[in-house]
Q: 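Pasting a structure below so you can have a look.
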Amino acid sequence: MRIGYPCINRTLECRSNRTFRLKSYSDERLKETVKNNLDCLSKILEFNAENNVLFFRITSDLVPFASHPVCRFPWQSHFEEKFKDVGDFVKSQGMRVSTHPGQYTVLNSRDMGVFERSVGELFYHCEVLDLMGLDLSAKVQIHVGGVYKDRELSRERFAERFCKLDDLIKRRLVIENDEKSYSLEDCLWVSDQTGVPVVFDLLHHRLKNNGESLKEAFEGFIPTWKERDGTPIVDYSTQDMGKRPGKHAESIDPLDFQEFLEATRQFDFDVMMEIKDKERSALRAIELASENVRFRG
DNA sequence: TCACGTCAAGCAGAT
DNA sequence: ATCTGCTTGACGTGA
(Lines give C-alpha, C1' and ligand atoms only; values in the text may rest on other atoms or scores of the structure.)
Protein backbone atom coordinates (compact mmCIF):
# COMPACT_ATOMS: atom_id res chain seq x y z
CA MET A 1 0.00 0.00 0.00
CA ARG A 2 1.23 3.40 -1.02
CA ILE A 3 -0.38 6.53 0.40
CA GLY A 4 -0.38 9.89 -1.34
CA TYR A 5 -2.06 13.25 -1.90
CA PRO A 6 -3.11 15.35 -4.90
CA CYS A 7 -1.31 18.13 -6.72
CA ILE A 8 -0.44 20.66 -4.01
CA ASN A 9 2.04 20.67 -1.14
CA ARG A 10 1.16 23.28 1.48
CA THR A 11 4.37 22.90 3.47
CA LEU A 12 6.68 23.91 0.64
CA GLU A 13 6.85 27.47 -0.64
CA CYS A 14 6.70 26.59 -4.31
CA ARG A 15 3.77 25.60 -6.52
CA SER A 16 3.82 23.20 -9.45
CA ASN A 17 0.46 24.46 -10.75
CA ARG A 18 1.34 28.05 -11.61
CA THR A 19 -0.55 29.31 -14.64
CA PHE A 20 -1.45 32.53 -16.42
CA ARG A 21 -4.27 34.00 -18.48
CA LEU A 22 -4.87 32.81 -22.01
CA LYS A 23 -4.82 36.45 -23.14
CA SER A 24 -1.27 36.83 -21.86
CA TYR A 25 0.00 33.69 -23.61
CA SER A 26 3.47 33.78 -25.11
CA ASP A 27 6.02 31.03 -25.69
CA GLU A 28 8.30 32.86 -23.26
CA ARG A 29 5.62 32.92 -20.60
CA LEU A 30 4.92 29.24 -21.11
CA LYS A 31 8.59 28.31 -20.93
CA GLU A 32 9.08 30.27 -17.73
CA THR A 33 5.95 28.81 -16.09
CA VAL A 34 6.68 25.21 -17.06
CA LYS A 35 10.25 25.53 -15.82
CA ASN A 36 8.95 26.77 -12.47
CA ASN A 37 6.34 24.01 -12.32
CA LEU A 38 8.78 21.21 -13.13
CA ASP A 39 11.34 22.52 -10.64
CA CYS A 40 8.66 22.65 -7.97
CA LEU A 41 7.41 19.18 -8.87
CA SER A 42 10.95 17.91 -8.21
CA LYS A 43 10.96 19.61 -4.82
CA ILE A 44 7.58 18.12 -3.92
CA LEU A 45 8.73 14.64 -4.91
CA GLU A 46 11.90 15.06 -2.85
CA PHE A 47 9.77 16.14 0.12
CA ASN A 48 7.59 13.09 -0.47
CA ALA A 49 10.58 10.75 -0.63
CA GLU A 50 11.89 12.08 2.68
CA ASN A 51 8.49 11.49 4.24
CA ASN A 52 7.68 8.04 2.84
CA VAL A 53 4.96 9.43 0.60
CA LEU A 54 5.10 7.10 -2.38
CA PHE A 55 2.00 8.21 -4.28
CA PHE A 56 1.31 11.62 -5.79
CA ARG A 57 -1.15 13.14 -8.25
CA ILE A 58 0.52 15.52 -10.69
CA THR A 59 -1.42 18.71 -11.41
CA SER A 60 -3.05 19.18 -14.80
CA ASP A 61 -1.62 22.72 -14.80
CA LEU A 62 1.97 21.44 -15.08
CA VAL A 63 1.96 22.68 -18.69
CA PRO A 64 -0.73 25.39 -18.90
CA PHE A 65 -2.76 25.38 -22.15
CA ALA A 66 -0.86 22.29 -23.32
CA SER A 67 -3.86 21.01 -25.28
CA HIS A 68 -5.09 24.46 -26.38
CA PRO A 69 -4.52 25.55 -30.01
CA VAL A 70 -2.75 28.68 -28.72
CA CYS A 71 0.13 26.51 -27.54
CA ARG A 72 2.45 25.79 -30.44
CA PHE A 73 5.65 25.68 -28.46
CA PRO A 74 7.36 22.24 -28.48
CA TRP A 75 7.46 21.95 -24.68
CA GLN A 76 7.92 18.18 -25.00
CA SER A 77 11.37 18.41 -26.59
CA HIS A 78 12.36 21.61 -24.80
CA PHE A 79 11.87 20.01 -21.37
CA GLU A 80 12.70 16.45 -22.41
CA GLU A 81 15.64 16.14 -19.99
CA LYS A 82 13.73 17.58 -17.07
CA PHE A 83 10.75 15.25 -17.59
CA LYS A 84 13.14 12.31 -17.77
CA ASP A 85 14.90 13.39 -14.56
CA VAL A 86 11.58 13.61 -12.72
CA GLY A 87 10.59 10.17 -14.01
CA ASP A 88 13.95 8.67 -13.04
CA PHE A 89 13.53 10.02 -9.53
CA VAL A 90 10.00 8.59 -9.27
CA LYS A 91 11.25 5.19 -10.39
CA SER A 92 14.36 5.23 -8.19
CA GLN A 93 12.17 5.81 -5.12
CA GLY A 94 9.60 3.15 -5.98
CA MET A 95 7.00 5.89 -6.24
CA ARG A 96 3.82 6.01 -8.24
CA VAL A 97 2.23 9.10 -9.82
CA SER A 98 -1.13 9.69 -11.45
CA THR A 99 -3.05 12.56 -13.03
CA HIS A 100 -6.70 13.64 -13.00
CA PRO A 101 -7.83 15.78 -15.95
CA GLY A 102 -10.54 18.24 -14.97
CA GLN A 103 -14.27 18.50 -15.38
CA TYR A 104 -14.00 19.75 -18.93
CA THR A 105 -12.71 16.42 -20.15
CA VAL A 106 -15.92 14.66 -21.21
CA LEU A 107 -15.22 11.68 -23.42
CA ASN A 108 -18.89 10.75 -23.82
CA SER A 109 -20.07 14.26 -24.74
CA ARG A 110 -22.71 14.51 -27.44
CA ASP A 111 -20.81 17.48 -28.82
CA MET A 112 -18.03 16.14 -31.05
CA GLY A 113 -16.02 19.32 -30.47
CA VAL A 114 -16.02 18.65 -26.74
CA PHE A 115 -15.07 15.04 -27.43
CA GLU A 116 -12.15 16.03 -29.62
CA ARG A 117 -10.84 18.59 -27.13
CA SER A 118 -11.15 15.95 -24.43
CA VAL A 119 -9.01 13.56 -26.45
CA GLY A 120 -6.42 16.34 -26.80
CA GLU A 121 -6.42 16.85 -23.05
CA LEU A 122 -6.02 13.12 -22.40
CA PHE A 123 -3.21 12.99 -24.93
CA TYR A 124 -1.38 15.77 -23.08
CA HIS A 125 -1.66 13.97 -19.74
CA CYS A 126 -0.41 10.70 -21.24
CA GLU A 127 2.43 12.51 -23.00
CA VAL A 128 3.68 13.89 -19.68
CA LEU A 129 3.79 10.41 -18.15
CA ASP A 130 5.41 8.98 -21.29
CA LEU A 131 8.07 11.71 -21.30
CA MET A 132 8.85 10.74 -17.72
CA GLY A 133 9.39 7.20 -18.95
CA LEU A 134 6.92 5.74 -16.47
CA ASP A 135 5.29 2.33 -16.82
CA LEU A 136 1.55 1.81 -17.28
CA SER A 137 0.83 1.91 -13.55
CA ALA A 138 1.02 5.72 -13.89
CA LYS A 139 -2.63 6.41 -14.61
CA VAL A 140 -4.83 9.15 -16.03
CA GLN A 141 -8.07 9.20 -14.10
CA ILE A 142 -11.39 10.63 -15.34
CA HIS A 143 -15.11 10.32 -14.70
CA VAL A 144 -17.49 8.67 -17.14
CA GLY A 145 -18.98 12.08 -18.00
CA GLY A 146 -22.40 13.50 -18.80
CA VAL A 147 -25.76 11.71 -18.52
CA TYR A 148 -27.84 13.73 -21.01
CA LYS A 149 -31.04 12.34 -19.48
CA ASP A 150 -30.15 8.77 -20.49
CA ARG A 151 -27.53 7.15 -18.31
CA GLU A 152 -27.43 3.77 -20.05
CA LEU A 153 -27.07 5.26 -23.51
CA SER A 154 -24.43 7.70 -22.31
CA ARG A 155 -22.29 5.13 -20.53
CA GLU A 156 -22.53 3.03 -23.68
CA ARG A 157 -21.27 6.00 -25.68
CA PHE A 158 -18.34 6.22 -23.28
CA ALA A 159 -17.50 2.56 -23.96
CA GLU A 160 -17.69 3.05 -27.73
CA ARG A 161 -15.53 6.16 -27.64
CA PHE A 162 -13.01 4.49 -25.35
CA CYS A 163 -12.55 1.55 -27.71
CA LYS A 164 -11.66 3.88 -30.59
CA LEU A 165 -9.01 5.82 -28.66
CA ASP A 166 -5.33 5.64 -29.53
CA ASP A 167 -3.65 2.89 -27.51
CA LEU A 168 -1.34 5.58 -26.11
CA ILE A 169 -4.35 6.91 -24.16
CA LYS A 170 -6.27 3.68 -23.68
CA ARG A 171 -3.48 1.96 -21.80
CA ARG A 172 -3.24 4.71 -19.15
CA LEU A 173 -6.89 5.68 -18.77
CA VAL A 174 -8.88 4.66 -15.69
CA ILE A 175 -12.41 5.68 -14.65
CA GLU A 176 -13.68 6.74 -11.25
CA ASN A 177 -17.19 6.54 -9.77
CA ASP A 178 -18.71 9.96 -9.09
CA GLU A 179 -21.27 11.11 -6.55
CA LYS A 180 -24.03 12.23 -8.91
CA SER A 181 -24.09 10.49 -12.26
CA TYR A 182 -22.14 7.25 -12.50
CA SER A 183 -21.91 4.90 -9.53
CA LEU A 184 -19.46 2.06 -9.04
CA GLU A 185 -21.95 -0.27 -10.73
CA ASP A 186 -21.95 1.92 -13.86
CA CYS A 187 -18.15 2.03 -13.87
CA LEU A 188 -17.97 -1.75 -13.55
CA TRP A 189 -20.36 -2.05 -16.48
CA VAL A 190 -18.12 0.19 -18.58
CA SER A 191 -15.07 -1.75 -17.42
CA ASP A 192 -16.74 -5.00 -18.45
CA GLN A 193 -17.31 -3.61 -21.95
CA THR A 194 -13.86 -2.06 -22.38
CA GLY A 195 -11.38 -3.53 -19.92
CA VAL A 196 -10.74 -0.10 -18.39
CA PRO A 197 -9.67 -0.30 -14.71
CA VAL A 198 -11.91 1.35 -12.10
CA VAL A 199 -10.71 3.70 -9.35
CA PHE A 200 -12.90 3.42 -6.27
CA ASP A 201 -13.78 6.76 -4.65
CA LEU A 202 -15.02 6.11 -1.14
CA LEU A 203 -16.79 9.43 -0.50
CA HIS A 204 -18.51 9.33 -3.88
CA HIS A 205 -19.58 5.78 -3.16
CA ARG A 206 -21.03 6.79 0.18
CA LEU A 207 -23.13 9.41 -1.64
CA LYS A 208 -24.16 7.26 -4.62
CA ASN A 209 -24.21 3.49 -4.57
CA ASN A 210 -26.35 0.47 -5.23
CA GLY A 211 -26.39 -0.87 -1.72
CA GLU A 212 -23.07 -2.74 -1.94
CA SER A 213 -21.11 -3.32 1.24
CA LEU A 214 -17.54 -2.02 1.25
CA LYS A 215 -16.34 -5.59 0.81
CA GLU A 216 -18.60 -6.14 -2.19
CA ALA A 217 -17.43 -2.88 -3.70
CA PHE A 218 -13.78 -3.93 -3.36
CA GLU A 219 -14.51 -7.38 -4.75
CA GLY A 220 -16.01 -5.57 -7.72
CA PHE A 221 -13.38 -3.02 -8.67
CA ILE A 222 -10.13 -4.77 -7.63
CA PRO A 223 -10.28 -7.39 -10.45
CA THR A 224 -10.64 -4.62 -13.07
CA TRP A 225 -6.90 -3.96 -12.58
CA LYS A 226 -4.62 -6.18 -14.64
CA GLU A 227 -0.96 -6.88 -13.92
CA ARG A 228 0.39 -4.07 -16.12
CA ASP A 229 -1.98 -1.51 -14.53
CA GLY A 230 -0.25 -1.86 -11.18
CA THR A 231 -1.93 -1.86 -7.77
CA PRO A 232 -5.63 -0.83 -7.71
CA ILE A 233 -6.25 2.77 -6.68
CA VAL A 234 -8.67 4.11 -4.06
CA ASP A 235 -9.51 7.78 -3.54
CA TYR A 236 -10.13 8.23 0.16
CA SER A 237 -11.91 11.23 1.64
CA THR A 238 -14.53 12.07 4.20
CA GLN A 239 -17.42 14.50 4.25
CA ASP A 240 -16.81 18.02 5.55
CA MET A 241 -19.55 17.93 8.19
CA GLY A 242 -22.12 20.69 7.91
CA LYS A 243 -21.03 21.52 4.37
CA ARG A 244 -22.60 20.54 1.09
CA PRO A 245 -22.57 16.75 0.53
CA GLY A 246 -19.44 15.75 -1.34
CA LYS A 247 -17.27 18.52 0.05
CA HIS A 248 -13.94 17.16 1.22
CA ALA A 249 -13.06 17.42 4.88
CA GLU A 250 -10.40 19.88 6.05
CA SER A 251 -8.28 17.20 7.66
CA ILE A 252 -8.16 13.46 8.20
CA ASP A 253 -10.55 11.75 10.61
CA PRO A 254 -8.14 9.23 12.15
CA LEU A 255 -10.87 6.98 13.48
CA ASP A 256 -12.69 6.75 10.14
CA PHE A 257 -9.42 6.06 8.34
CA GLN A 258 -8.44 3.30 10.75
CA GLU A 259 -11.86 1.72 10.44
CA PHE A 260 -11.52 1.90 6.69
CA LEU A 261 -8.11 0.18 6.79
CA GLU A 262 -9.51 -2.46 9.09
CA ALA A 263 -12.55 -3.13 6.89
CA THR A 264 -10.40 -3.53 3.77
CA ARG A 265 -7.37 -5.30 5.21
CA GLN A 266 -7.71 -8.33 2.96
CA PHE A 267 -7.13 -6.17 -0.17
CA ASP A 268 -3.99 -4.56 -1.58
CA PHE A 269 -4.43 -1.06 -3.00
CA ASP A 270 -2.86 2.42 -3.16
CA VAL A 271 -4.67 5.33 -1.49
CA MET A 272 -4.98 8.92 -2.67
CA MET A 273 -5.90 11.08 0.33
CA GLU A 274 -8.32 13.67 -1.06
CA ILE A 275 -8.30 15.89 1.99
CA LYS A 276 -8.05 19.67 1.92
CA ASP A 277 -4.89 19.92 3.99
CA LYS A 278 -3.06 17.71 1.49
CA GLU A 279 0.30 16.34 2.65
CA ARG A 280 -0.54 16.85 6.31
CA SER A 281 -3.31 14.27 6.24
CA ALA A 282 -1.25 12.01 3.99
CA LEU A 283 1.54 12.00 6.58
CA ARG A 284 -0.93 11.28 9.35
CA ALA A 285 -2.46 8.48 7.27
CA ILE A 286 0.99 6.99 6.79
CA GLU A 287 1.54 7.05 10.56
CA LEU A 288 -1.79 5.31 11.11
CA ALA A 289 -1.16 2.77 8.38
CA SER A 290 2.35 2.00 9.65
CA GLU A 291 0.65 0.18 12.48
CA ASN A 292 -0.84 -1.98 9.77
CA VAL A 293 1.31 -4.76 8.27
CA ARG A 294 0.32 -4.02 4.68
CA PHE A 295 2.05 -0.68 4.50
CA ARG A 296 5.13 -0.54 2.26
CA GLY A 297 6.87 2.58 3.39
C1' DT B 1 0.58 46.71 -2.09
C1' DC B 2 -3.91 45.17 -2.06
C1' DA B 3 -8.87 44.47 -3.43
C1' DC B 4 -11.63 42.06 -6.19
C1' DG B 5 -13.53 40.72 -10.82
C1' DT B 6 -12.48 37.25 -13.65
C1' DC B 7 -10.43 33.13 -15.47
C1' DA B 8 -10.04 27.70 -21.58
C1' DA B 9 -13.06 24.36 -21.24
C1' DG B 10 -18.87 20.98 -19.51
C1' DC B 11 -22.28 19.40 -17.08
C1' DA B 12 -25.78 18.70 -13.39
C1' DG B 13 -28.50 20.29 -9.86
C1' DA B 14 -30.01 24.00 -7.02
C1' DT B 15 -31.72 28.61 -6.79
C1' DA C 1 -32.44 31.98 -16.49
C1' DT C 2 -28.59 32.09 -13.58
C1' DC C 3 -25.41 30.34 -10.26
C1' DT C 4 -22.37 26.88 -7.99
C1' DG C 5 -19.22 23.15 -7.66
C1' DC C 6 -16.00 20.12 -9.40
C1' DT C 7 -9.40 18.40 -7.71
C1' DT C 8 -9.20 24.11 -6.37
C1' DG C 9 -7.89 29.58 -5.77
C1' DA C 10 -4.89 32.34 -8.31
C1' DC C 11 -4.13 35.87 -12.09
C1' DG C 12 -3.80 40.43 -13.13
C1' DT C 13 -5.86 44.96 -13.62
C1' DG C 14 -6.69 49.16 -11.42
C1' DA C 15 -6.45 52.05 -7.48
Side-chain angles (χ1 to χ4, degrees), chain A residues 4-10 13-26 29-30 32-33 36-37 40 44 55-72 97-125 139-151 153-155 157-158 161 174-183 186 199 201-204 207-208 233-240 243-250 271-279 281-282:
Chain A
Y5 61 98
C7 308
I8 294 167
N9 181 302
R10 285 151 78 126
E13 300 271 306
C14 72
R15 294 178 34 213
S16 64
N17 59 341
R18 253 184 55 194
T19 183
F20 50 88
R21 294 282 168 261
L22 179 59
K23 270 197 290 189
S24 60
Y25 179 92
S26 71
R29 192 73 193 273
L30 182 79
E32 168 194 315
T33 306
N36 166 85
N37 288 351
C40 181
I44 293 174
F55 193 21
F56 184 69
R57 182 184 296 162
I58 296 173
T59 174
S60 296
D61 282 332
L62 194 68
V63 184
F65 306 108
S67 72
H68 192 283
V70 77
C71 177
R72 310 283 299 278
V97 296
S98 67
T99 65
H100 192 335
Q103 60 270 37
Y104 305 108
T105 304
V106 186
L107 211 51
N108 75 342
S109 178
R110 297 200 294 189
D111 178 334
M112 283 312 276
V114 172
F115 166 68
E116 276 154 27
R117 287 190 290 279
S118 298
V119 172
E121 186 69 358
L122 292 176
F123 186 74
Y124 149 62
H125 284 80
K139 291 304 186 188
V140 176
Q141 174 179 339
I142 60 171
H143 295 286
V144 175
V147 170
Y148 314 97
K149 300 190 168 76
D150 190 337
R151 205 174 78 257
L153 186 68
S154 299
R155 72 183 191 185
R157 189 165 53 247
F158 181 98
R161 297 262 175 89
V174 296
I175 56 172
E176 174 198 346
N177 59 307
D178 67 80
E179 81 280 28
K180 283 190 204 135
S181 307
Y182 293 100
S183 66
D186 293 310
V199 170
D201 186 300
L202 183 66
L203 179 57
H204 292 164
L207 293 165
K208 184 173 175 63
I233 296 176
V234 173
D235 284 354
Y236 172 90
S237 59
T238 47
Q239 174 67 38
D240 189 342
K243 296 276 174 62
R244 183 191 58 76
K247 185 151 174 72
H248 292 167
E250 273 301 319
V271 190
M272 184 60 66
M273 300 294 295
E274 292 193 333
I275 312 274
K276 289 274 279 179
D277 67 2
K278 305 288 178 187
E279 77 283 358
S281 285

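A quick note: this is a predicted structure, and the numbers were derived from the prediction, not measured. Quick note on labels: first sequence line is chain A, next is B, and so on, each numbered from 1.
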Q: Is the phosphate of dT7(C) approached by H125(A) (side-chain N or O, under 4.0 Å from OP1 or OP2)?
A: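 H125(A) to dT7(C) OP1/OP2: no side-chain N or O under 4.0 Å.
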Q: Each nucleotide N or O in nucleotides 13-15 of chain C that has a protein N or O under 3.5 Å away: list the pair and distance.
A:
none

Q: Identify all pairs in which a protein N or O lies below 3.5 Å from an N or O of nucleotides 12-15 of chain B, and state each distance.
A:
| residue | atom | partner | partner atom | Å |
| --- | --- | --- | --- | --- |
| dA12(B) | OP1 | V147(A) | N | 2.6 |
| dA12(B) | OP1 | Y148(A) | N | 2.8 |

Q: So what does R10(A) hit on the nucleic acid, given a heavy-atom distance under 4.0 Å: a base, only sugar-phosphate, or nothing?
A: sugar-phosphate
Q: In dot-bracket form, how is DNA chain C paired, counting a Watson-Crick or G-U wobble pair only if both its distances are under 3.5 Å and using | for bases paired to another strand?
A: ||||||..|||||||
Q: Using a 4.0 Å heavy-atom cut-off, does S109(A) contact any base of the nucleic acid, only the sugar-phosphate backbone, or nothing at all?
A: sugar-phosphate
Q: Can you pull out the residues from residues 15-23 of chain A that lie within a 4.0 Å heavy-atom distance of DNA chain C?
A: R15(A), R18(A), T19(A), F20(A), R21(A)
Q: Please identify each residue that fulfils side chain to side chain donor-acceptor pair (under 3.5 Å) with D201(A), with sequence neighbours left out.
A: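 D201(A) satisfies side chain to side chain donor-acceptor pair (under 3.5 Å) with H204(A) only.
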Q: Mind checking side chain to side chain donor-acceptor pair (under 3.5 Å) for R117(A) and listing every partner two or more places apart, or none if nothing turns up?
A: none
Q: Taking only the P atom of each, what is the distance from dT7(C) to dC4(B) in whole angstrom?
A: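 dT7(C) and dC4(B) have their P atoms separated by 29 Å.
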Q: Is there aromatic stacking of Y104(A) on dG10(B) here, judged by a ring-centre distance under 5.5 Å and a plane angle under 30°?
A: no
Q: D61(A): which residues meet the side chain to side chain contact (heavy atoms under 4.5 Å, CB included) condition with it, sequence neighbours left out?
A: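 Partners of D61(A) under the side chain to side chain contact (heavy atoms under 4.5 Å, CB included) test: N17(A), T59(A).
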Q: Applying disulfide (SG to SG under 2.5 Å), can you list everything that pairs with C40(A), at least two apart in sequence or on another chain?
A: C14(A)
Q: Using whole Å, what does the distance between atom C1' of nucleotide dA9(B) and atom CG of L122(A) come to?
A: 13 Å
Q: Under the rule for side chain to side chain donor-acceptor pair (under 3.5 Å), what residues qualify as partners of N9(A), not counting sequence neighbours?
A: Y5(A)
Q: Indicate, with a heavy-atom threshold strictly under 4.0 Å, whether P101(A) touches base, sugar-phosphate, or nothing.
A: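 Base, at least one base heavy atom under 4.0 Å.
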Q: Considering only side-chain heavy atoms of K276(A), which listed nucleotide, dA8(B), dG9(C), dT7(C), is closest?
A: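 Ranking dA8(B), dG9(C), dT7(C) by closest atom to the K276(A) side chain puts dG9(C) first.
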Q: Parallel, tilted or perpendicular: which fits the ring planes of Y25(A) and F65(A), with parallel below 30° and perpendicular above 60°?
A: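 Correct class here is perpendicular.
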Q: Please determine if a side-chain N or O atom of T59(A) lies less than 4.0 Å away from the OP1 or OP2 oxygen of dT7(C).
A: no
Q: What residues form a side chain to side chain contact (heavy atoms under 4.5 Å, CB included) with S181(A), not counting sequence neighbours?
A: V147(A), D178(A)
Q: Quick one: side chain to side chain contact (heavy atoms under 4.5 Å, CB included) partners of S154(A), sequence neighbours excluded?
A: N108(A), Y148(A), R157(A), Y182(A)
Q: Has R29(A) got a side-chain N or O lying under 4.0 Å from the OP1 or OP2 atom of dG12(C)?
A: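 Looking at the OP1 and OP2 atoms of dG12(C), one of them is under 4.0 Å from a side-chain N or O of R29(A).
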Q: Applying side chain to side chain contact (heavy atoms under 4.5 Å, CB included), can you list everything that pairs with N36(A), at least two apart in sequence or on another chain?
A: R18(A)
